[in-house]
Amino acid sequence: MKNVLLVNAPLTILFLSDTYGGCVHDKRIAEATPYPLPAGSGRWQDLGFLAFTLPQVAILMPTKKPRGEDLTPAQPLANQALHQRRLRIEHVNSSVKRCRIVKDRIRLWKQGVRDLVMELCCALHNFRVRLTPWQPMI
């Protein structure tokens, strides 16, 4: 099961895509999902969304090492800064998966139940963040 999440600086989940099963690539999920990002905002993404762009949104992603060449000395430092910001987003994913029903096999086959389970787990994460806020991303 796969979903795409949008997380803001205080690490609250703002948007959750539909649940996709099977071998669906992250970029295809992103292309099929309408994003509520305002113009002029920034978006951090990993290399799974390599050719994905949004109009009037600055997309920050790590620089990939060219074949047979090395990165410039500034590029690994920029990649490390992006990694530290994205690491906080991975902590959000693990906080959602703290509800074991999300990461274990769901044997509920009724239409929309898997989406509802993921929505509830994301709502629980937002509730936990509201009670004890994490350090916001810089």
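Predicted model, so just to flag it, every value in this text is computed and none were measured.
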Say you draw a straight line from NE2 of H125 to CG of L11; how long is it, rounded to the nearest 0.5 Å?
6.5 Å
Measure from the side-chain N and O atoms of Q75 to the backbone N and O of T72, and report whether any donor-acceptor pair falls under 3.5 Å.
yes
Interatomic distance, SG@C121 vs CZ@R98, rounded to 0.5 Å, equals 11.5 Å
Is a salt bridge present between E31 and K27, judged by a nitrogen-to-oxygen distance below 4.0 Å?
yes
Got a second to check how far I89's CD1 is from W44's CH2, nearest 0.5 Å?
6.5 Å
Do F52 and V57 sit in one hydrophobic cluster, given that two such residues count as connected whenever their side-chain heavy atoms are within less than 4.5 Å of each other, even indirectly?
yes
side-chain hydrogen bond (donor to acceptor under 3.5 Å, both in side chains) involving R28 - partner list, sequence neighbours excluded
none
Tightest non-hydrogen contact, residues F15 and P34, listed as CZ-O, 3.5 Å
Out of curiosity, L6 CG to I13 CD1, how far, rounded to the nearest 0.5 Å?
10.0 Å
Apply the side chain to side chain contact (heavy atoms under 4.5 Å, CB included) test between C122 and each candidate in V96, V92, V117, V7; give the one that qualifies.
V96
Mark yes or no for whether N3, through its side chain, and D18, through its backbone, hold a donor-acceptor pair below 3.5 Å.
yes
Only residue of L5, N126, N8 satisfying side chain to side chain contact (heavy atoms under 4.5 Å, CB included) with L14 is N8
Which residue pairs satisfy the ring-ring contact (aromatic ring centres under 6.0 Å, His included) criterion with at least one member in residues 62-93, sequence neighbours excluded?
none
To the nearest 0.5 Å, tell me how far S17 OG sits from D26 CG.
9.5 Å
Does K65 NZ have over 12 foreign heavy atoms under 6.0 Å away?
yes
If you draw the axis of the six-membered ring of F49, does the NZ or CZ of R43 fall within 45° of it and under 6.0 Å from the ring centre?
yes
Using every non-hydrogen atom in the two residues, find where N79 and P62 come nearest and quote the distance to one decimal.
OD1-CA, 3.2 Å
Where do Q45 and M61 come nearest, in terms of heavy atoms and distance?
O-CB, 3.3 Å
For the hydrophobic clusters of this structure (ILVMFWY residues joined by side-chain heavy atoms under 4.5 Å, transitively), does one cluster hold both L124 and I101?
no
Value for OG1 (T33) from CD1 (I29), rounded to nearest 0.5 Å, stands at 7.0 Å
Which atom names give the shortest non-hydrogen contact between V129 and P10, and what distance separates them?
CG1-O, 3.7 Å
